[in-house]
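I have placed the structure first, in the form of structure tokens, so that the comments after it can refer back to it.
Numbered from 1 within each chain, the chains take letters A, B, ... in sequence-line order. The structure presented is a predicted model; accordingly, all values stated were derived computationally and were not measured.
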Number of protein chains: 2
Amino acid sequence: MSAQEAEELARTLGALADPVRLRLFSLVAATHEVCSCELEAPLGRSQPTISHHTKVLADAGLIVGERRGRWTWWHVVPERLAAVRSALGG
Amino acid sequence: MSAQEAEELARTLGALADPVRLRLFSLVAATHEVCSCELEAPLGRSQPTISHHTKVLADAGLIVGERRGRWTWWHVVPERLAAVRSALGG
DNA sequence: GCAAAGCATCGACGTATATCAATCTATCAG
DNA sequence: CTGATAGATTGATATACGTCGATGCTTTGC
């Protein structure tokens, strides 16, 4: 594995290597589409913290946010998660 | 996903979310058995740093070290990696 | 236009992590 | 026993990260 490949994969895994982000991702995956405002309560984190975590996951390509009016609706990118699993030895 | 499950999975993913550890793991997996002294050169890190990273991966259950004489021989735990991939695909 | 709602950004704070030099422990060769 | 080697541990340092309060931006509703 090249240093560049490792750097890239490590960044993606790092996006998932946080308990709050794992549960956030799980919530988005379970409901297929959620707005940020619905994530604060179940995760017990402030609005800026939720915004931070959604950004990290989005930058990693694991979720995508669609802006509709005042709300941002999040949904998962299953191909991206599959790519991570594949890179881990699939 | 429960907070406890997320904490556990995050810790394991965190062990893999580092470029040096990913390449280290890749080297161990490729050669089936490697001693620590053979890892410093290809990874370009000092001996204490290599020792630190092998410990992190071992604590996560991803590799196992067997002490034979002066050398510690490392090999991967494929079931552990499979469990991680499974947890990501559930 | 104005106020409220949803979300992003900034600044700050505490903690965790990656790294190395120095040191310690254990093992082997002579 | 002595010197050398493999590896672990400690201490120090720089950087990254999670978190929140305060603030800014954009859209909605009146």
For DNA chain C, which nucleotides open and close the run of contacts to chain A, 5' to 3', at under 4.0 angstrom from a non-hydrogen atom?
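In short, chain A contacts DNA chain C from dA5(C) to dT9(C).
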
Identify the two heavy atoms, one from T72(B) and one from R67(B), that lie closest to each other, and give their separation to 0.1 Å.
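Between these two residues, the closest heavy atoms are OG1-CD, 3.0 Å.
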
Given axes from five pairs at either end, by how many degrees does the helix from dG1(C)-dC30(D) to dG30(C)-dC1(D) bend, rounded to 10°?
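End-to-end axis angle: 30°.
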
How is R68(A) classified with respect to the nucleic acid when contacts are heavy atoms under 4.0 Å: base, sugar-phosphate, or nothing?
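Contact class for R68(A): none.
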
Only one of T54(B), L57(B), V64(B) forms a side chain to side chain contact (heavy atoms under 4.5 Å, CB included) with W74(B), so which one is it?
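In the set T54(B), L57(B), V64(B), the residue that makes a side chain to side chain contact (heavy atoms under 4.5 Å, CB included) with W74(B) is T54(B).
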
Could you state the CZ-P distance from R23(A) to dG18(D), rounded to the nearest angstrom?
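Checked: the CZ to P distance equals 14 Å.
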
CG of L24(A) versus C1' of dT19(D): gap in Å, rounded?
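Nearest whole value for this atom pair: 15 Å.
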
Between E5(A) (side chain) and S2(A) (backbone), is there a donor-acceptor pair under 3.5 Å?
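At least one qualifying donor-acceptor pair exists.
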
Closer to the 5' end of DNA chain C via nearest nucleotide, is it T49(A) or G14(B)?
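That would be T49(A).
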
Please tell me whether T49(A) and S46(A) have a donor and an acceptor in their side chains that are separated by less than 3.5 angstrom.
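Judged by distance alone, the side chains do pair up.
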
Say you draw a straight line from NE2 of H52(B) to CD of Q47(B); how long is it, rounded to the nearest 0.5 Å?
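If I round to the nearest 0.5 Å, the distance is 13.0 Å.
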
Would you compute the distance between atom CG of L43(B) and atom NE2 of H53(B) and round it to the nearest 0.5 angstrom?
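If we round to the nearest 0.5 Å, L43(B):CG and H53(B):NE2 are 8.5 Å apart.
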
Same hydrophobic cluster for [X] and [Y], using side-chain heavy-atom links shorter than 4.5 Å among ILVMFWY?
X: V76(A); Y: W73(A); result: no
X: V56(B); Y: V34(B); result: no
X: M1(B); Y: V84(B); result: yes

Atom pairs, protein N/O to nucleotides 6-10 of chain D N/O, distance under 3.5 Å:
from	atom 1	to	atom 2	distance (Å)
dA6(D)	O4'	R70(B)	O	3.4
dA6(D)	O3'	R70(B)	O	3.2
dG7(D)	OP1	S36(B)	N	3.1
dG7(D)	OP1	T72(B)	N	3.2
dG7(D)	OP2	C37(B)	N	2.7
dA8(D)	OP2	S51(B)	OG	2.8
dA8(D)	N7	Q47(B)	NE2	2.7
dA8(D)	N6	Q47(B)	OE1	2.9

Looking at E7(B) and R23(A), is there a salt bridge between them, counting it only when a charged N and a carboxylate O are closer than 4.0 Å?
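Judged by the 4.0 Å cut-off on N to carboxylate O distance, R23(A) and E7(B) do not form a salt bridge.
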
